[in-house]
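Notes to accompany the following structure.
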Amino acid sequence: MQYKAPRGTADILPEEQKYWRYIEQKALEQCRRYGYQRLDTPVFEDAGLFTRSIGEGTDIVTKEMYIFDDRSDNRLALRPEGTAPICRAYVEHGMGSLTQPVKLFYLANIFRYERPQAGRYREHHQFGCEAIGESDPAIDAEVVTMAWSFFASLGLNGLMLKLNSIGCKACRPAYLERLREYYISYSDRLCPDCKVRMEKNTLRLLDCKQPSCHGIAEAAPRSADHLCKECNDHFTAVRKYLNLAGVPFEVSHRLVRGLDYYTRTVFEIQPPGEGAQTSVGGGGRYDGLIEEIGGKPTPSIGFGTGIERIVLNLKAQSVPIPPVSGQDVFIAYRGDDAKTEAVRLAAILRSGGIGTILAFGDRSLKAQMRQADGSGCAYVAIIGDDELQTKSVTLRTMGTGEQQSVLWDNLVSVFKSLQLH
RNA sequence: GUGAGUGUAGCCCAGAGGCCUAAGGCGUCAGGUUGUGGCCCUGAAGAUCGAGGGUUCAAAUCCCUCCACUCACCCCA
């Protein structure tokens, strides 16, 4: 085969579409209920937007971005995440002068140059929400609640909501210092990766997957115990509101998030079962991000979810997915004159809003019926010599095999009265 | 970037040195008398056995290289 979809990308085939439509529809419904408006941004942005916001030292920036110069030597990157572009649009369009918070959502494809594996692709899709311009802990709780109810509405079971606070730029440095000191005393017992993390990304030490590091991480100083008064009050309030909303969360002091811009509230939604991907969605507060990319200081919080991972979980749990609605009637014909009439009737039916599939290729009626059966149409309209005489079709109900004669002039109105799909 | 596993028709797969002129199932197409689907029956099309090289009288089967896919690590949705 000469051409294949690039590594880590995938075609979403017709038989897969029902999952995607289902998820989109649930996402749209949650956004309506919570008051989020859609904002679509370009697939590529100035690369600097991401290096600045995500963090110069993160893997996403250092080795996973699809980055390129265009013909005018602009350094561009395919978006490796969804939050920074939304924030850029917020700043660019002066949304800071609107009533705050501004609540936006996106459904977008995301690109990261990684080795693909289950639930991880070079192009994947995210549904995400951002509530920009509000520091009230009540909105943290609302965002978390929305994410949670989105997953609940999908019909997924056994999900876990993990919550933590990682402080702000005032209190985090001191905590990180404590953490580093703690880890130094165990440095000889750490896995090789963790030795690197000590220098590169101290917080990440906490969620190491190696069993040998679990005990050390479990006993490590907890960020929630080292918050400044403001952050502590905030975290306390978030938990209070979440309890009020009836959201079953679990505080996890080992929950950290990968991107540099997070502050205070962070959360993650974890699917049940084994597997590499430990998260189907997550988010947090990013109070410094908008200022970092050139806006005024603007407290914000949001979350993102991976559509492919949701599909994986829907399949794993065999969640029933409604089929996408199909066609209503298949037109079969016998002979040239009948074919002419079939073409004419198909046009009339479609103009009348009836989903119509027309047979092609002058194949035998048996072959046409087989095709009709496979097409999922509930009805087949057959035209042959007899029907031409009476200006009618033989309308067969595939489920029951019953047939009736319907005049051409009455076809559309008959179908309209049949309560299709 | 690292490690392991797998590559045979559109899909699932049998075959593990000669009996392979590569089997079966699904799907596709055609037929089972003259205008009718689903079940059943019959038949047909469809495979340079991932690519290249090597060993051998003989390779889908053994060896090497490459490529791709899958899973895991790193990281993340």
Side-chain angles (χ1 to χ4, degrees), chain A residues 1-10 13 15 23 54-55 57-65 79-83 107-128 147 151 191-194 196-197 200-201 204 207-210 256-259 268-271 274-283 303-313 330 332-335 338 359 361 363-388 393-403:
Chain A
M1 203 180 313
Q2 192 171 185
Y3 295 114
K4 299 164 67 176
R7 177 165 224 198
T9 69
L13 298 171
E15 62 260 33
I23 294 164
I54 300 171
T58 60
D59 278 10
I60 291 180
V61 166
T62 56
K63 54 185 200 191
E64 294 179 0
M65 280 216 288
R79 61 177 161 229
E81 65 110 24
T83 300
L107 276 157
N109 47 176
I110 303 290
F111 302 87
R112 291 178 201 166
Y113 187 86
E114 302 180 273
R115 279 289 278 276
Q117 69 183 65
R120 216 185 59 186
Y121 312 97
R122 290 186 174 179
E123 180 189 23
H124 76 277
H125 298 74
Q126 288 190 20
F127 160 56
F151 282 103
C191 71
D193 287 325
C194 276
V196 176
R197 291 190 184 102
K200 219 179 94 186
N201 197 338
R204 285 245 145 235
D207 70 347
C208 180
K209 282 183 184 173
Q210 292 299 321
V256 297
R257 304 234 71 223
L259 283 39
E268 205 162 274
I269 289 161
Q270 303 178 349
E274 299 305 307
Q277 79 279 31
T278 56
S279 159
V280 287
F303 73 89
T305 64
I307 309 291
E308 282 82 354
R309 289 186 180 179
I310 294 173
V311 172
L312 241 35
N313 280 279
F330 186 99
Y333 56 83
R334 231 176 80 86
R363 291 188 293 167
S364 70
L365 192 60
K366 186 194 194 88
Q368 293 181 64
M369 290 304 289
R370 278 184 174 152
Q371 188 189 344
D373 188 48
S375 74
C377 289
Y379 299 93
V380 178
I382 301 163
I383 311 173
D385 294 340
D386 299 348
E387 289 82 0
L388 283 173
V393 303
T394 295
L395 189 63
R396 180 179 180 86
T397 304
M398 293 299 266
T400 62
E402 288 167 37
Q403 299 193 163

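Chain letters run A, B, ... following the sequence lines, proteins first, then strands; residues in each count from 1. Note that the coordinates shown come from a computational prediction; the quantities given were computed from them, not determined experimentally.
- Residue A:R257 is classed as a sugar-phosphate contact, given heavy-atom separations below 4.0 Å to backbone atoms only.
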Dot-bracket for RNA chain B, please, read 5' to 3', with Watson-Crick or G-U wobble pairs under 3.5 Å on both distances, ( ) within the strand, [ ] crossing, | other strand, . unpaired. ((((((((.[[[..)..(.....]]].(((((.......))))).....[[[[[..)....]]]]])))))))....
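- Put simply, A:Q117 has a side-chain N or O that comes within less than 4.0 Å of OP1 or OP2 on B:C73.
- Across all strands, A:A118 comes closer than 4.0 Å only to sugar-phosphate atoms, never to a base (heavy-atom distances).
- The side chain to side chain donor-acceptor pair (under 3.5 Å) test applied to A:E64 returns no partner, not counting sequence neighbours.
- With sequence neighbours excluded, the residues forming a ring pair (Phe, Tyr, Trp, His ring centres under 6.0 Å) with A:H125 are A:W20, listed by chain and number.
- Within the 4.0 angstrom heavy-atom criterion, base atoms lie near A:E387.
- Judged by atom type and distance alone, A:R7 does not reach the base of B:A68 through any side-chain donor-acceptor pair under 3.5 Å.
- Contact of A:R197 with B:C75 (side chain to base): no donor-acceptor pair of N or O atoms is detected under 3.5 Å.
- The side-chain heavy atoms of A:N313 and A:V280, taken from C-beta on, include a pair separated by under 4.5 Å.
- At the heavy-atom level, A:K209 lies under 4.0 Å from base atoms of the strands shown.
- Checked against side chain to side chain donor-acceptor pair (under 3.5 Å), A:R309 has no partners two or more places apart in sequence or in another chain.
- A search for side-chain contact (heavy atoms from CB on, under 4.5 Å) contacts involving A:D207 returns A:R204, A:V256, not counting sequence neighbours.
- At a cut-off of 3.5 angstrom, counting only N and O atoms as typed in the model, there is no donor on one side facing an acceptor on the other between the side-chain of A:Q368 and the base of B:U36.
- Remark: A:T58 engages A:I54, A:I60, A:V61, A:D260 in a side-chain contact (heavy atoms from CB on, under 4.5 Å) (not counting sequence neighbours).
- At a threshold of 4.0 angstrom between heavy atoms, the contacts of A:G119 include nucleobase atoms, whether or not backbone atoms are also involved.
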Report all interatomic pairs (protein N or O, nucleotide N or O of nucleotides 37-43 of chain B) with separations under 3.5 Å.
{"residue": "B:G37", "atom": "O2'", "partner": "A:D373", "partner atom": "OD2", "Å": "3.3"}
{"residue": "B:G37", "atom": "N7", "partner": "A:R396", "partner atom": "NE", "Å": "3.4"}
{"residue": "B:G37", "atom": "N7", "partner": "A:R396", "partner atom": "NH2", "Å": "2.6"}
{"residue": "B:G37", "atom": "O6", "partner": "A:R396", "partner atom": "NH2", "Å": "2.8"}
{"residue": "B:G37", "atom": "O6", "partner": "A:M398", "partner atom": "O", "Å": "3.4"}
{"residue": "B:G37", "atom": "N1", "partner": "A:M398", "partner atom": "O", "Å": "2.5"}
{"residue": "B:G37", "atom": "N2", "partner": "A:D373", "partner atom": "OD1", "Å": "2.9"}
{"residue": "B:G37", "atom": "N2", "partner": "A:M398", "partner atom": "O", "Å": "3.2"}
{"residue": "B:G37", "atom": "N3", "partner": "A:D373", "partner atom": "OD1", "Å": "3.2"}
{"residue": "B:G38", "atom": "OP1", "partner": "A:R370", "partner atom": "NE", "Å": "3.4"}
{"residue": "B:G38", "atom": "O4'", "partner": "A:D373", "partner atom": "OD2", "Å": "3.0"}

Could you pull out all donor-acceptor pairs under 3.5 Å where a side-chain atom in residues 109-119 of chain A meets a protein atom, sequence neighbours excluded?
{"residue": "A:R112", "atom": "NE", "partner": "A:P80", "partner atom": "O", "Å": "2.7"}
{"residue": "A:R112", "atom": "NH2", "partner": "A:P80", "partner atom": "O", "Å": "2.9"}

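- Residues that satisfy the side-chain contact (heavy atoms from CB on, under 4.5 Å) test with A:A10, not counting sequence neighbours, are absent from this structure.
- Using a 4.0 Å heavy-atom distance criterion, A:A332 is classed as making no nucleic acid contact.
- Residue contacts shown for A:E64 are limited to sugar-phosphate atoms, with no base heavy atom under 4.0 Å away.
- With values rounded to the nearest 0.5 angstrom, A:F151 atom CZ is found 5.0 Å from A:T305 atom OG1.
- When the salt bridge (Lys or Arg N to Asp or Glu O under 4.0 Å) test is applied to A:E268, the partners found at least two apart in sequence or on another chain are A:R257.
- Contacts of A:T58 with the nucleic acid, taken as non-hydrogen atoms under 4.0 Å apart, are absent.
- Residues satisfying the salt bridge (Lys or Arg N to Asp or Glu O under 4.0 Å) criterion with A:K63, sequence neighbours excluded, are A:D59.
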Check: protein-nucleotides 3-8 of chain B nitrogen or oxygen pairs below 3.5 Å:
{"residue": "B:G3", "atom": "O6", "partner": "A:R115", "partner atom": "NH2", "Å": "3.3"}

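- Expressed to the nearest 0.5 Å, how far CG of A:D386 lies from CZ of A:R334 amounts to 9.0 Å.
- The base of B:G1 does not come close enough to the side chain of A:E114 for any donor and acceptor atom to sit less than 3.5 Å apart.
- Put simply, A:S364 has no side-chain N or O that comes within less than 4.0 Å of OP1 or OP2 on B:A30.
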